[in-house]
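Side-chain atoms are counted along with the backbone in the values below, which use heavy atoms only and exclude waters and symmetry mates. None of the values given here were measured: they were computed from a predicted structure. Position 1 is the first residue of the sequence, and the numbers go up from there.
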Amino acid sequence: MTARSFMDLALKQAEIAGNAAEVPIGCVIVRDGAVIAQAGNRTLQDRDPTAHAEILAIRQAARAVGSERLTDCDLYATLEPCTMCAGAISFARIRRLYYGAADPKGGAVDSGVRFFASPTCHHAPEIYPSVGESEAAAMLKDFFKTRR
């Protein structure tokens, strides 16, 4: 499968989250060409402010691998990760990060604090922005248009 096809799976998770009235963000984690974890945002459903798609997928992947280190795993997120998620990606030692839409307000990869560029960051993944960007951005825009 290609990076775009894995992002399509993340977009499907975002769609599921949006249909549940969650902010439509999805995440997929891949190891050796196979999906080992996938999740959409569940902050409302779980009543947990940390239940971002990336955090849920990292937890699931760590259980699947049997380790807190995901050194040979790639993470696909539909939106540029926030500071909390960037920290978790770093601590998990994710190999590559692919993300869809940029998040100028809350992102922490290429926007905002630029977490991975910080001298205190222990591990920075390879970063591939803008994969499936138009679809991810449109999904978020449509979601928030109905709420404003």
Side-chain angles (χ1 to χ4, degrees), residues 1-112 114-116 123-147:
M1 290 180 73
T2 65
R4 178 55 208 232
S5 55
F6 288 124
M7 185 59 77
D8 286 343
L9 296 174
L11 286 163
K12 182 64 180 165
Q13 290 298 311
E15 181 182 351
I16 292 167
N19 289 340
E22 299 279 0
V23 176
I25 299 170
C27 181
V28 169
I29 297 179
V30 176
R31 181 182 193 208
D32 297 328
V35 174
I36 62 167
Q38 54 188 344
N41 271 8
R42 286 199 327 246
T43 59
L44 299 174
Q45 177 185 329
D46 291 2
R47 301 211 186 293
D48 178 357
T50 69
H52 290 196
E54 299 94 327
I55 299 295
L56 297 172
I58 287 170
R59 289 174 182 162
Q60 192 181 108
R63 284 190 301 272
V65 171
S67 173
E68 74 283 5
R69 299 286 186 244
L70 303 174
T71 56
D72 55 352
C73 296
D74 302 332
L75 186 146
Y76 296 79
T78 59
L79 184 66
E80 177 182 0
C82 69
T83 306
M84 174 183 69
C85 293
I89 289 165
S90 178
F91 289 135
R93 307 296 196 267
I94 295 287
R95 176 179 53 189
R96 294 183 196 106
L97 165 63
Y98 298 81
Y99 72 85
D103 185 1
K105 288 173 101 175
V109 177
D110 292 315
S111 306
R114 296 178 175 234
F115 183 86
F116 299 121
H123 168 79
E126 293 175 31
I127 300 167
Y128 300 91
S130 306
V131 179
E133 178 179 21
S134 58
E135 294 89 340
M139 193 180 300
L140 286 159
K141 189 178 208 177
D142 291 346
F143 177 82
F144 285 112
K145 189 186 322 178
T146 64
R147 283 161 174 63

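The CE atom of Met84 sits 4.5 Å away from the CD1 atom of Ile55 when rounded to the nearest 0.5 Å. Going from atom CD1 of Ile94 over to atom SG of Cys85 covers 11.5 Å, rounded to the nearest 0.5 Å. Once rounded to the nearest 0.5 Å, the distance linking CD of Glu80 with OH of Tyr99 reads 4.0 Å. Rounding to the nearest 0.5 angstrom, the gap separating the CG atom in Leu79 from the CG atom in Asp103 is 4.5 Å. With values rounded to the nearest 0.5 angstrom, His123 atom NE2 is found 7.0 Å from Arg93 atom CZ. Put simply, CG on Leu56 and CD1 on Ile25 are 11.5 Å apart, with the number rounded to the nearest 0.5 Å.
Of all the heavy atoms in Arg95 and Asp74, the pair that sits closest is NE-OD1, 3.0 Å. Among all heavy-atom pairs drawn from Ala37 and Ala57, the shortest one is CB-O, 3.3 Å. Scanning all heavy atoms of the two residues, the minimum distance from Ala62 to Glu68 falls at CB-CA, 4.4 Å. Ile29 approaches Cys73 most closely through the heavy-atom pair CG2-CB, 3.8 Å. In terms of heavy atoms, Ser90 sits closest to Phe115 at CB-CE2, 3.8 Å. Nearest heavy atom pair, residue Gly33 against residue Phe6, reads O-CZ, 3.6 Å.
By the side-chain hydrogen bond (donor to acceptor under 3.5 Å, both in side chains) test, Arg59 pairs with no residue at all, sequence neighbours left out.
Counting heavy atoms from C-beta outward, Asp48 and Arg42 have side chains that stay 4.5 Å or more apart. A 4.5 Å side-chain heavy-atom check between Asp110 and Pro129 finds at least one atom pair inside the cut-off. Between Ile89 and Pro125 there is a side-chain heavy-atom pair separated by less than 4.5 Å.
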Does Ile58 form a side-chain contact (heavy atoms from CB on, under 4.5 Å) with Leu75? I'd like the steps, not just the answer. CA-CA 9 Å; Ile58 287 170; Leu75 186 146; 4.0 Å; yes
Decide yes or no on side-chain contact (heavy atoms from CB on, under 4.5 Å) for Met1 and Leu9, but give the supporting numbers first. CA-CA 11 Å; Met1 290 180 73; Leu9 296 174; 4.0 Å; yes
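Judged purely by atom type and a 3.5 angstrom limit, Thr146 uses its side chain to pair as donor or acceptor with the backbone of Phe143. Between the side chain of Asn41 and the backbone N or O of Pro24, no donor-acceptor pair lies under 3.5 Å. Between the side chain of Gln60 and the backbone N or O of Gln38 there is at least one donor-acceptor pair closer than 3.5 Å.
Taking the six-membered ring where tryptophan is involved, the planes of Tyr128 and Tyr98 are essentially parallel, since the angle between them stays under 30° and well short of 60°.
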Can you give each donor-acceptor pair under 3.5 Å made by side-chain atoms of residues 132-140, sequence neighbours left out, with the distance rounded to 0.1 Å?
{"from": "Glu133", "atom 1": "OE1", "to": "Ser130", "atom 2": "OG", "distance (Å)": "3.4"}
{"from": "Glu135", "atom 1": "OE1", "to": "Arg4", "atom 2": "NH1", "distance (Å)": "3.4"}
{"from": "Glu135", "atom 1": "OE2", "to": "Arg4", "atom 2": "NH1", "distance (Å)": "3.3"}
{"from": "Glu135", "atom 1": "OE2", "to": "Arg4", "atom 2": "NH2", "distance (Å)": "2.8"}

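Under the side chain to side chain contact (heavy atoms under 4.5 Å, CB included) test applied with Leu11, the options Val28, Ile16, Thr78 reduce to a single match, Thr78.
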